[in-house]
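When a residue number appears, it is its place in the shown sequence, counting from 1. Just so it is clear, the values below take in all heavy atoms, side chains as well, and ignore hydrogens, waters and symmetry mates. On a predicted model such as this, the values are computed, not experimentally measured, just so you know.
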Amino acid sequence: MKHFLLLLALLPLGIMAREANIASPDGKLIVNINDNGGMPTYTITLEGQQMMLPSTLGFKANFGDFTQGLKIVNTTAEHIDKHYEMRQVKQSQFHFVATQLNIDFENADGQKMTVQFCVANNNVAFRYLIPRQKNDNPKCAIIEKESTAFHLPDGTTTFISPQSHAMVGWERTKPSYEEGFSADGNMNVRSQYGQGYTFPCLFHLAGDSGWVLISETGVDSHYCGSHLSDFHPLASGGFYTIAYPMAGENNGNGTATAGIALPGKTPWRTITVGTTLKPIVETTIPYDIVEPLYELKANSQKPTANAGRYTWSWLIWQDNSINWDDQVKFIDLAASMGYEFCLVDNWWDQNIGRDRMAELSKYAQSKGVSLMLWYNSNGHENDAPQTPRNCLDNSIARDREMAWLQSIGVRGIKVDFFGGDKQETMKLYEDILYDANRYGIQCIFHGCTLPRGWERMYPNYVASEAVLASENVYFDEGAARRQAFDLTLHPFCRNTVGTMDWGGVIMNRYMSRDNKSRHQRQTTNAFEIASAYIMQTAIQCVAIQPNNLDELSQVELDMLKGIPTTWDETRFIDGYPGRYVVLARRHCDHWYVAGLNALKEPLTLNLSLPMFQPKQNVTLLSDQLQKGIVSTVRKPLQINKKGQARITLQPNGGCVIFSE
């Protein structure tokens, strides 16, 4: 049955505005599109609550202005109902049901464009379709700017991260999506750098009346990445607009606008809304409205070929560990833990050498471990000195490198230091992914932009950093103190729209090779173990060190050995961004419920856990505080007849609940 509403006024266009309405399949979410005053706008209501006030639509191209003088001339609707599968995100089986509505607009010069809305339960996505105009021209265009806006009600608070200036920071590598997030911030303030905010952006409506998550998906080589502008205050709240990259990004190379062939389309802008956080955490809209761009060429026929855990020496042992002897230690560590991968970081081409890397890869394979190798993405984009450089920035060098990687049995690469959202950079991501896939190589990106539907679009794509990640816990004691806040925030924003390579479940107590010096980690061991179940990525870094084998309890080691990284289902249980989070994830027939607490005091929760039965053998891994000492314990957990359990999370602590 088609659950959509359409309303198009039949009076002459010059007399009154025309409008169109579209509803979600369950009828609870309504989007209204209006051409009143020649300026198209949309609104969103959920169960009668206004989630988005009248917000402008449109863009300016080099051949025409589609921001004013517009009128609706036609609408067409289509019912969407599709099934698909993915193995590397928060669930494996997808059933996407939505209504799609095309609203055709015409400007005062008779030029045409279409706004395409796709509305599902709790999700709105829209994009612009741009045809060729009179006399079948132009056949190409530059999209100079958008008037696309997001007008949020007064009193809304923010969970957002500022966009950095271009060509600043370490070796001029920013912007790299590595700025901190606010929590319950005020909309009516200037962003830290005056450049707006990176996607995704989470908003909490006043009076706890709802949540809004704004992002984008479907960005490939045919467009630039976008972000939100600074806030524009109005009497009734205020609005943000779509902002394009800064001209100075990538050392000034490439345009800051988007060049497209016509007919063409823009990426999807996505808005997830909910009266609670459940739809925010569980949304799959980044994947639902995009399609694979090529087929996976895997090294294995197993559906989980591009999944697993990896060890990583660099996080704690740093650059000095990139040598033969230390990498053998971490390969052996991966083998002893049953992990699939070991990542060899920067300078391997100089410190170990290409000839010996082939030997190292062969040694790893003899232990049942596959290597992943680090690469610098550029050439000419920034000043990051680490090698290998100039291997992936052009097709000739890239093809040669991928063939060599395949020949020595390397399964994946981690590519770093992109620093920008220009269309030229989006093309570099796509080129690396496509060429890597031809040789059965999977890709992780660091120092990079947010993934925008890439898990589905590029089947050999694994994850991106695009977050102020674990390396900062090593570098900065302040980041170590903020770690619990960060990891209880990202399930609601950064990690809910895309896989996130946080870069390490850290088991050293001190941030040093001897585990006795420098500053301390502030989280408990149970927190770190639980974080592996909270952070979603198909290849999870477990930054265990060789010394941890003797320092950790058998309970902790057993949990670290058994971490799954692919999920068949994810459910939000409880939480608040930056304070605490409890998620349930299913791997095959086994449920795991993980919780993290960023508060400074113990947190007692009564959890509804219908995935467990009252008489089922259920285990709780958590912190135990005795005489001021925190240890990790494993004990039975009682599920009552209502499917509920009572747990207490220690400050900066965590838990994992699972069935035997």
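- Remark: Ser361 engages Gln365 in a side-chain hydrogen bond (donor to acceptor under 3.5 Å, both in side chains) (not counting sequence neighbours).
- Legend: residues meeting ring pair (Phe, Tyr, Trp, His ring centres under 6.0 Å) with Phe492, ordered by chain and number and at least two apart, are Phe572.
- Ring geometry, Trp454 versus Tyr461: the interplanar angle exceeds 60°, so the pair is classed perpendicular (tilted spans 30 to 60°).
- Taking the side-chain contact (heavy atoms from CB on, under 4.5 Å) definition, one finds that Val328 meets it with Trp324, Asp332, Leu360, Tyr363, sequence neighbours left out.
- A donor-acceptor contact closer than 3.5 angstrom links the side chains of Thr632 and Glu556.
- Identified under the side-chain hydrogen bond (donor to acceptor under 3.5 Å, both in side chains) test for residues 485-496, with sequence neighbours left out: Lys90-Thr496.
- Residues satisfying the side-chain hydrogen bond (donor to acceptor under 3.5 Å, both in side chains) criterion with Asn548, sequence neighbours excluded, are Asn508, Glu551.
- Partners of Phe658 by ring pair (Phe, Tyr, Trp, His ring centres under 6.0 Å), not counting sequence neighbours: none found.
- Summarising the geometry of Glu340 relative to Gly308, their closest heavy-atom pair is OE1-CA, 3.3 Å, with the distance given to 0.1 Å.
- Every residue two or more places apart in sequence or in another chain was checked for a side-chain hydrogen bond (donor to acceptor under 3.5 Å, both in side chains) with Ser659, and none qualifies.
- Taking 4.5 Å as the limit, some side-chain heavy atom of Tyr474 sits within range of a side-chain heavy atom of Ile316.
- Under a 4.0 Å N-O distance rule, the pair Arg579/Asp184 qualifies as a salt bridge.
- In terms of the side-chain contact (heavy atoms from CB on, under 4.5 Å) criterion, residue partners of Thr565 (sequence neighbours excluded) are, by chain and number, Ala307, Arg309, Gln540.
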Identify each donor-acceptor pair in which a side-chain atom of residues 645-653 lies under 3.5 Å from a protein atom, sequence neighbours left out, and give them as a table.
from   : atom 1 : to     : atom 2 : distance (Å)
Arg646 : NH1    : Asn606 : OD1    : 3.2
Thr648 : OG1    : Thr604 : OG1    : 2.9
Asn652 : ND2    : Gln522 : O      : 3.1

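- By the 4.0 Å N-to-carboxylate-O rule, Arg354 lies close enough to Glu401 to be salt-bridged with it.
- Applying the ring pair (Phe, Tyr, Trp, His ring centres under 6.0 Å) test to Phe418 and every residue at least two apart in sequence or in another chain returns Tyr429, Phe445.
- Exactly one residue among Trp314, Tyr375, Trp374 makes a ring pair (Phe, Tyr, Trp, His ring centres under 6.0 Å) with Trp348. That residue is Tyr375.
- Evaluation of the side-chain contact (heavy atoms from CB on, under 4.5 Å) rule for Ser321 yields Ser313, Trp317, Asp326, Gln327 as partners, not counting sequence neighbours.
- In this structure, the ring of Tyr576 has its center less than 6.0 angstrom from the ring center of Trp211.
- Ring pair Phe417/Trp170: centre-to-centre distance below 6.0 Å.
- Residues satisfying the side-chain contact (heavy atoms from CB on, under 4.5 Å) criterion with Ser470, sequence neighbours excluded, are Trp312, Leu315, Trp502, Ile506.
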